[in-house]
Structure formats: C-alpha cells, structure tokens
Amino acid sequence: MTPEHNNPYVDLPETAFWKTAVAAQNPLQISDLWHPKFPIAPKHGVITAGSCFAQHFSRALVARGHNWIDAEPAPELLTDAQAAKFNFGVFSVRTGNIYTARMLRQWLSLAFDTAQVDADIWRTGARFFDPLRPTIEPDGFISEDELLQTREATLEAMRRAVQGADVFVFTMGLTECWRNKKTGFEYAMCPGTVAGEFDPARHEFVNQRYTGIARDMQACFKLLRRANPDLKILLTVSPVPLTATASGAHVLTATSHSKSTLRAVAGDLAADHEFVDYFPSYEIITHPAYRGMFYAPNQRSVIAQGVDHVMSQFFACQHRQFPWLARQARRRANENPKGGEPLAATARAVKCDEEMLNAFG
Amino acid sequence: MPLDDRLRICVYGDSHIACIKRAVDEGRVDLTGIALEFWGAPGPRFRDIHLKNGRLAPTTDQSRAMVARVNAQGRATLAAQDFDGFVFVGSRLRASAYLTPLLYRDAQPDGFLSQAVRQVMLERWLNSCRAYRVAREFAQSVPLCFAPAGFLNDQVVPEDEIAASINTAATTAARRHLWDGISQAMATDGITLLAQPESTVTRGALTRLEYAAEAARADGDTVHKNGAYGALLLTQALAHLRKTHTAPTPARAVAAGT
C-alpha cells in the first residue's frame with residue numbers, strides 16, 4: 001500500500017467529502033445529514049418546546065400520525081383560531097416560546113425542583129402578565145392569583161408530559177436575554193416591550209456565553225432525567241435570525257454570534273451524552289449550500305418549503321438509520337382510515353326521533 | 001291582543017321539548033291563563049329549520065312533516081310576533097358541552113382556565129348554537145326563556161365515561177357560578193336562562209335517574225328527560241313570563257301593536 005492510501009480518510013463515505021457530498025449535489029439532494037442516535041417512532045411520546053421554530057416539529061409529527069404530546073389541550077369549545085390566540089396547542093405545554101437555556105431551566109425548576117424561582121409578576125394597568133410568558137393570554141390576567149393558578153396548571157401539565165414522554169425536543173433560539181439584576185430571574189422578553197416596565201436599575205441585558213448555556217442545559221438534563229430516567233433529548237437550533245440585538249453589535253453579526261454559540265453547545269452536549277442528539281435543521285435552512293432559498297424576502301422568516309424540506313430530511317434520516325421505521329411508515333400510508341358518521345351520533349339521532357314521536361303521538 | 005285573553009306561549013326546540021309535552025299531558029303544570037303551543041322537530045329534522053326574514057320555517061319535507069306533527073294547530077312557520085312569549089328548550093344548546101367539561105376541569109390539577117378563556121368558551125357555546133342566535137333575535141321583541149339541555153342521565157351514562165369526563169364531586173356553588181355566568185350572558189341578549197333545577201342534579205354534573213325519560217335506562221338514552229323534569233322547567237318559565245306580561249316592556253308593546 002502506498003503512503004497516500006494509508007490514512008484515515010481513505011475509507012470514509014462520500015458524505016465526508018465536500019466535493020461529493022455538497023458541491024456535486026443539487027442542494028435539495030443533499031442527504032444523510034444526520035445519523036440519529038435513537039428512533040422516534042409513531043408510538044413514542046414527543047414533547048416539543050423552545051423557540052418558535054419548534055412549532056414546525058409538532059405539526060410535522062402530528063401530520064405523520066406521531067404521538068406528539070399535547071399536555072395542555074385547548075378546551076373543545078374553542079375554535080382553532082381562539083385556541084391559537086391563547087397559545088393552546090402551540091407547544092406541548094402552554095409555556096409560549098422558550099428562547100434560552102436559562103428560561104428552560106427556570107420552567108423545569110418551577111415544575112420539578114423544590115427550590116423556588118424568585119419570579120417577578122408584571123402589571124400593566126389593571127392586568128397582570130407572567131414574565132415567563134407575557135403573551136400567553138392576549139390581555140394578561142385579571143389578578144395575580146389567576147396568573148399563578150394558570151401557571152401552576154401549566155407546571156402540572158409539564159410534570160405529567162415529561163414523566164410520560166419518550167423524547168423531549170428543544171429548539172435553542174437565543175443567547176441574548178434580560179434578567180433581574182438582584183434575583184437573576186430571566187424574562188421571556190425585555191420588560192416594557194409587550195408588558196411590564198423597563199427599569200435600568202433593576203433590569204440588565206445578558207448575552208449568555210457558551211459555558212453558562214452549557215451549564216444551564218446540563219441542569220435541565222438533570223431535572224428532566226430525574227423525572228424520567230429514560231427520556232431522550234433532541235436538540236435543534238432555530239435558524240430564525242434575531243429580530244433585534246441589544247448587544248451593540250450589528251444584528252447580522254449578533255445573530256451569527258448567538259447561533260454559533262448555541263450550535264456549538266448543542267453539538268458538544270450531543271457528543272457528551274448518549275441520550276442527547278442534535279438534528280441539523282439549523283444547517284439545512286442557513287447553510288450557504290442552500291443559497292438562502294428557504295428564507296422569505298425579509299431574509300428572516302422561514303418559508304413553508306423550507307420547513308417541509310427540514311422535516312422530510314428528519315424523517316428520511318430516521319428511516320435510513322432505522323429501516324423498520326420506514327416499513328412501518330409505508331404500512332401506515334397504505335392503510336385507509338375512512339370514517340363514517342360515528343355510531344354514537346347515529347344512535348343518538350335515532351333516540352331523538354323516538355323520544356319526540358312518543359311524546360307527540 | 002289574543003281573543004281569549006290568555007297568554008300565548010310557544011315551547012320551541014328539538015326532541016328535548018318532549019319533556020315539556022309530557023309535563024302538560026300528565027297535568028303537572030298550572031296552565032291557567034296560558035295558551036300553550038309546541039313547535040319544533042327532533043335533532044336531525046331540527047337542523048332543517050331555518051330562519052329567514054324573521055320567520056322560522058322547515059326546509060325539507062321531513063322537517064315539515066315533523067313540525068306538523070309537533071304543532072297541533074297547523075302552524076307551518078314561526079315568528080316572534082306570533083306569541084306573547086317563548087320557551088326554548090334544548091335546541092342543541094347542551095349543558096354537557098359547556099358546564100360539564102368546566103366542572104371536570106375544576107377537579108384536575110392542570111385544569112385551571114383564566115376568566116378570559118372561560119368567557120371565550122361561553123360566548124362560543126352560545127353563539128355557535130343556531131337556535132340561540134334565533135332566540136337572540138326573537139328576544140328583541142318578545143320575552144323569551146331558554147333552557148339548555150340538562151346534564152346527562154345518571155345510571156345511563158357508563159361509569160367509565162363518568163370517570164373520564166364527569167366531576168362527581170362538583171359542588172352546588174361551582175354549578176351556580178357557571179349558571180350565573182350563563183344567565184348574565186343571556187341577559188345581555190334579552191334572554192332569561194332556565195337553569196337546570198338543582199333538585200334534579202346528582203353526582204356533580206349528572207341528572208337524577210328519576211328525571212330521565214321513562215325508558216332511558218332500558219334504551220340507553222343519556223340525554224332526554226321526563227315530565228317531572230319538564231314540569232319544573234315550564235313552571236319556572238311560566239312564572240317568569242306571567243310576571244313579564246304584567247309589566248309589558250316597550251318592545252312587547254310594539255310587538256303587540258298597542
């Protein structure tokens with residue numbers, strides 16, 4: 001064997017080489033981007049949480065008949081639009097967007113830790129807003145008590161969801177955040193934007209760094225796995241750029257900094273833990289190989305085709321790694337679940353007729 | 001004004017008006033000074049009754065036939081001005097679709113809902129019911145009572161279904177709180193609520209079997225009620241309508257042509 005044939009790159013697959021895996025490919029044909037560590041089958045209960053991009057996961061899972069956990073479902077009387085207005089069915093529990101690792105840690109601490117989180121409550125006029133999720137109800141709450149009872153319902157749903165789930169999908173969104181200087185409590189949004197009042201003496205801007213994010217995520221894993229030792233965690237990074245930055249940098253470079261940090265943390269956590277995996281939805285949308293084709297003209301919003309492509313890659317990689325999942329999916333697709341009028345409804349209609357006829361002769 | 005000087009009252013609805021008819025047939029209600037008519041059709045045919053230009057009319061042969069059977073006076077269509085008062089019963093507005101799930105949530109550790117969400121639910125419960133929208137229009141010109149279909153029948157609903165959907169520990173106060181909210185919402189539409197009488201309620205959010213339709217248990221009929229139940233509703237409704245009639249509102253005076 002000649003020296004040039006005796007090196008670690010010789011037997012690597014095509015996907016290891018840019019020329020064959022990327023440059024020679026139509027972007028939409030780039031494949032095998034992910035080698036999942038664990039299967040996500042339709043029977044597996046999946047929780048979704050995180051920044052707004054996580055919503056696409058739940059929709060795709062539901063569309064394919066997967067067991068997405070809706071632990072805090074909307075009351076049946078609400079229309080879809082009304083449910084969405086009150087943030088039901090957006091994530092597995094009504095947390096609203098969880099943009100940062102610290103926010104997730106706060107939520108999980110409230111749900112599972114005996115240690116109390118020193119959380120503020122915002123008041124705007126006569127209404128009360130939860131700084132953990134200030135937009136969860138369009139007009140806030142009528143009282144502090146109502147706010148806390150609603151939050152407790154969400155925490156209970158979170159406990160039940162985590163204990164019954166197989167996979168926890170978390171989409172990491174931001175590094176920039178606002179905190180209470182004294183207590184360290186982190187707000188979902190900057191005070192004074194949608195609710196609350198900004199006070200520079202009490203509120204401070206924090207751009208979280210790799211070490212802190214990694215530490216918060218490790219703490220999250222500990223809380224999650226203490227509640228459910230078999231729980232698997234799938235991390236993704238939101239490809240949606242920052243709306244605004246308070247870092248002093250240009251929003252473009254601030255976005256790069258933020259997403260790169262999150263991507264690095266996610267990758268290292270996946271490398272360090274067998275129960276943690278990273279799915280590269282971020283790369284599929286943002287990488288130059290895709291030429292920005294999945295962004296709307298504002299270069300920020302991800303268009304539907306982008307989401308579809310991400311999710312088709314997700315399932316394709318799952319099926320490639322676990323062929324039994326592909327067989328299962330084919331079987332499910334061949335089934336024809338045609339339904340008629342529910343038997344109970346038909347029976348009830350018959351009973352209505354009978355009751356009326358008996359009374360009116 | 002009616003020739004015989006009696007109050008003309010119409011009981012309108014779907015198959016749930018059967019309990020009122022039974023109450024009348026069984027002589028359970030004092031109808032002194034009342035000329036009572038029934039108008040409506042059972043569930044599937046009830047859906048074929050539509051309001052057009054202020055007048056309800058059946059739109060299919062089957063619903064026309066059923067209305068003819070229910071209304072012995074041969075009244076083919078129905079308008080607010082035809083009567084001095086209305087009692088809407090059932091008519092697809094079901095306690096089991098609003099009160100029951102809310103009472104059930106009260107017993108769940110993650111069931112709490114804000115007042116804002118509850119208000120949206122209430123508005124949707126009322127406004128998504130076509131008969132309620134009709135009632136709202138009629139109530140602009142004539143006194144109108146509305147009795148939603150009562151709680152499901154105890155000892156008929158399977159126990160596993162009860163365990164999964166009924167808060168059997170729901171209190172009188174919890175029910176009253178919800179009924180009060182409904183009453184207030186209906187009042188803004190000029191409608192008087194006929195809440196399910198507390199004496200007929202058992203196990204939190206069910207109707208006592210002695211108020212269920214005669215063969216409910218044998219037939220597995222979870223929804224319909226009997227004459228005793230109907231009598232409680234009609235007595236309450238007539239008391240209100242008689243009282244209202246003695247103090248006519250301007251709207252009623254206009255409707256009566258006075």
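Note that these values count all heavy atoms, side chains included, but never hydrogens, waters or copies made by symmetry. Just so it is clear: chains get the letters A, B, ... in the order the sequence lines come, proteins before strands, and each one is counted from 1.
Taking OG1 of A:T150 as the reference point, atom CD of B:Q115 lies at 10.5 Å (rounded to 0.5 Å). Residue A:F360 holds its CZ atom at 9.5 Å from CZ of B:R22, rounded to the nearest 0.5 Å. Here the CZ-OG distance, from A:F128 to B:S114, works out to 14.0 Å after rounding to the nearest 0.5 Å. The line from CZ of A:R94 to CG of B:D110 is 11.5 Å long, rounded to the nearest 0.5 Å. In this structure, the separation between CG on A:L77 and OG on B:S128 is 6.5 Å, given to the nearest 0.5 Å.
With a 4.5 Å cut-off on non-hydrogen atoms, B:Y98 touches chain A through its backbone and its side chain both. Of the two parts of A:A83, neither the backbone nor the side chain holds a non-hydrogen atom closer than 4.5 Å to a non-hydrogen atom of chain B. Proximity to chain A (any heavy atom under 4.5 Å) is shown, for B:A72, by neither the backbone nor the side chain. Residue contact with chain A, scored on non-hydrogen atoms closer than 4.5 Å, involves the backbone and the side chain of B:P109 alike. For a residue to count as touching a neighbouring chain, one of its non-hydrogen atoms must lie under 4.5 Å from one of that chain's; by this rule B:D14 touches chain A with the backbone only. When heavy atoms are compared at a cutoff of 4.5 Å, A:S143 does not approach chain B at all. For a residue to count as touching a neighbouring chain, one of its non-hydrogen atoms must lie under 4.5 Å from one of that chain's; by this rule A:I142 touches chain B with the side chain only. For chain B, the nearby parts of A:Q149 are the backbone and the side chain; heavy atoms of each come within less than 4.5 Å.
The two residues A:A359 and B:D25 have their closest heavy-atom pair at O-OD2, 4.0 Å. The shortest heavy-atom contact between B:L113 and A:P75 is CD1-CG, 3.7 Å.
Contact annotation for residues 153-164 of chain A against chain B (heavy-atom separation below 4.5 Å, listed by residue number): A:A153, A:E156, A:A157, A:R160.
The greatest number of non-hydrogen atom pairs below 4.5 Å with chain A, out of B:V70, B:L122, B:V120, is found for B:V70. Between chain A and the residues B:R105, B:R124, B:E214, the most heavy-atom pairs under 4.5 angstrom are made by B:R124.
Taking a 6.0 Å sphere around NE2 of B:H177, one finds it holds 12 or fewer heavy atoms contributed by other residues, nucleotides or ligands. Heavy-atom neighbours of B:R176 CZ from other residues, nucleotides or ligands within 6.0 Å: at or below the threshold of 12. Atom CD of A:E76 is surrounded by 12 or fewer heavy atoms from other residues, nucleotides or ligands within 6.0 Å.
Only one option out of A:R151, A:E146, A:E152 pairs with B:F112 in a side chain to side chain contact (heavy atoms under 4.5 Å, CB included); it is A:E146.
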Side-chain donor-acceptor pairs under 3.5 Å in residues 41-54 of chain A, sequence neighbours left out?
from	atom 1	to	atom 2	distance (Å)
A:H44	ND1	A:A41	N	2.8
A:T48	OG1	A:W68	NE1	2.8

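Remark: A:D80 engages no residue in a side-chain hydrogen bond (donor to acceptor under 3.5 Å, both in side chains) (not counting sequence neighbours). Every salt bridge (Lys or Arg N to Asp or Glu O under 4.0 Å) that B:D61 has, sequence neighbours left out, goes to B:R64.
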